[in-house]
Visitor: 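So that we are looking at the same thing, I have put the structure below in structure tokens.
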There are 2 protein chains.
Amino acid sequence: MTDAILGADASLGFIGHVETPYKTLSECPKRVGADGPECAVVLNAPWDRALQGIEQFEWIELFLWFHKARRDLLIIEPNHGNGPRGVFSLRSPVRPNPIAVTTVTLIARQGNRLIVRGLEALDGTPLLDLKPGRCPLA
Amino acid sequence: MTDAILGADASLGFIGHVETPYKTLSECPKRVGADGPECAVVLNAPWDRALQGIEQFEWIELFLWFHKARRDLLIIEPNHGNGPRGVFSLRSPVRPNPIAVTTVTLIARQGNRLIVRGLEALDGTPLLDLKPGRCPLA
């Protein structure tokens, strides 16, 4: 843990959120494949206008803000053992700037809602960005 | 372009910056492979402590803040033609929250500096996060 204060050097705006079956962190699965439950990515106006053209992609990358994650840890003890590790050498959600990138399969677009599979995030997690994916569920 | 104001819903702290040969946006190459020039990823204290264990990885993902990118565009005309597209259906640096993720090869660690190849960002671009990479230069 560090007492150092992370600066507020830039601000993020939430452009929407995700809707998933996982209502608490402990319910969130570690990894969900393309056969996982249908979830929704909901964009707030006017950001939904920027979806134009998204329908052609099979995979999309979601950028999420892990609003429940601690930001003050530098070294943690991962579950897999092998001793303490710096958070930058782990893909843990615990990090100074808790931005998550996850690739999901795009099932359908319904206006400002994208129906996707392969998402393991907490219901209500804020959405920062989305992009066409480069590789399946990487 | 939109007049809508993107909220300031969360704040980001810069944990360091990158050092590259590219001093202006027009000098930044579109794509640099693992044979590109050596660049440095410099971490500010105390965040450099969270690098512990990074040396074992061949590829790392850098999360950068594209501080020069416009944030007020929803639809743009990509260079490849084919008409206007929503920014979320493109991997353009122009987006409401201009977070870039790029995979680089890790050559060496020198204290709070990582020497890497495969980086095409502007010199001085702020660093938000880094993680072990999952696939080579994806």
Side-chain angles (χ1 to χ4, degrees), chain A residues 2-15 43-57 60-61 63 65 67 71 73-76 78 82-92 95-101 114 126-135 138, chain B residues 2-15 43-57 60-61 63 65 67 71 73-76 78 82-92 95-101 114 126-135 138:
Chain A
T2 178
D3 291 332
I5 304 296
L6 189 69
D9 300 303
S11 67
L12 291 171
F14 299 157
I15 60 167
L43 280 92
N44 302 332
W47 319 113
D48 57 327
R49 288 173 45 207
L51 289 175
Q52 185 184 320
I54 198 71
E55 301 84 351
Q56 69 189 281
F57 296 102
I60 56 176
E61 287 176 21
F63 284 61
W65 182 250
H67 58 309
R71 304 181 64 177
L73 298 178
L74 298 179
I75 309 281
I76 62 178
N82 303 326
R85 292 262 299 275
V87 295
F88 298 145
S89 79
L90 295 165
R91 297 186 64 91
S92 157
R95 39 216 319 124
N97 292 304
I99 300 162
V101 181
L114 302 178
L127 179 70
L128 299 174
D129 198 5
L130 62 102
K131 300 181 189 183
R134 289 163 302 183
C135 46
Chain B
T2 177
D3 290 332
I5 304 297
L6 188 69
D9 300 303
S11 67
L12 291 171
F14 299 157
I15 60 168
L43 279 91
N44 303 332
W47 319 114
D48 57 327
R49 287 173 47 208
L51 289 175
Q52 186 184 320
I54 198 71
E55 301 84 352
Q56 69 188 280
F57 296 102
I60 56 176
E61 287 176 21
F63 284 62
W65 182 251
H67 57 310
R71 303 181 65 178
L73 299 178
L74 298 179
I75 309 280
I76 62 178
N82 303 327
R85 292 262 298 276
V87 295
F88 297 145
S89 78
L90 295 164
R91 297 186 65 91
S92 157
R95 40 214 321 121
N97 292 305
I99 301 163
V101 181
L114 302 178
L127 179 70
L128 299 173
D129 197 6
L130 61 102
K131 299 181 190 183
R134 289 162 301 183
C135 47

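Note that the coordinates shown come from a computational prediction; the quantities given were computed from them, not determined experimentally.
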Visitor: Checking heavy atoms, do the side chain of Pro96(A), its backbone, both or neither come under 4.5 Å from chain B?
Guide: side chain

Visitor: Among Leu90(A), Ile54(A), Asp129(A), who wins on heavy-atom pairs under 4.5 Å with chain B?
Guide: Asp129(A)

Visitor: At a 4.5 Å cut-off on heavy atoms, which part of Phe14(B) comes close to chain A: side chain, backbone, both, or neither?
Guide: both

Visitor: Could you tell me whether the side chain of Phe63(A) reaches within less than 4.5 Å of the side chain of Asn97(B), counting heavy atoms only?
Guide: no

Visitor: With a 4.5 Å limit on heavy-atom distance, are the side chains of Asp9(A) and Trp65(B) in contact?
Guide: no

Visitor: Could you check if a side-chain atom of Val87(A) sits within less than 4.5 angstrom of a side-chain atom of Trp47(B), using non-hydrogen atoms only?
Guide: no

Visitor: With heavy-atom distances below 4.5 Å as the criterion, would you say the side chains of Pro98(B) and Arg71(B) are in contact?
Guide: yes

Visitor: Based on non-hydrogen pairs under 4.5 Å, which of Ile60(A), Leu43(A), Ile99(A) is most in contact with chain B?
Guide: Ile99(A)

Visitor: Using heavy-atom distances under 4.5 Å, tell me whether Ile76(B) contacts chain A through its side chain, its backbone, both, or neither.
Guide: neither

Visitor: Quick one: what part of Glu55(A) sits under 4.5 Å from any heavy atom of chain B, side chain, backbone, both or neither?
Guide: neither

Visitor: I'd like to verify something: which residue of Pro126(B), Gly86(B), Gly83(B) has the highest number of heavy-atom pairs under 4.5 Å with chain A?
Guide: Gly86(B)

Visitor: For a quick test of reading the model, state the closest non-hydrogen atom pair linking Val101(B) to Glu61(B) and the distance between them.
Guide: CG1-OE1, 3.9 Å

Visitor: Side chain, backbone, both or neither: which part of Arg85(B) has a heavy atom under 4.5 Å from chain A?
Guide: both

Visitor: Who wins among Ala10(B), Ala8(B), Gly53(B), Ala45(B) for the most heavy-atom pairs under 4.5 Å with chain A?
Guide: Ala10(B)

Visitor: Tell me, do Pro132(A) and Arg91(B) make a side-chain contact under 4.5 Å, heavy atoms counted?
Guide: yes

Visitor: Do Leu127(A) and Asn44(A) make a side-chain contact, defined as non-hydrogen atoms from C-beta onward lying under 4.5 Å apart?
Guide: no

Visitor: Can you tell me which portion of Leu130(A) sits under 4.5 Å from chain B's heavy atoms? Options are side chain, backbone, both or neither.
Guide: both

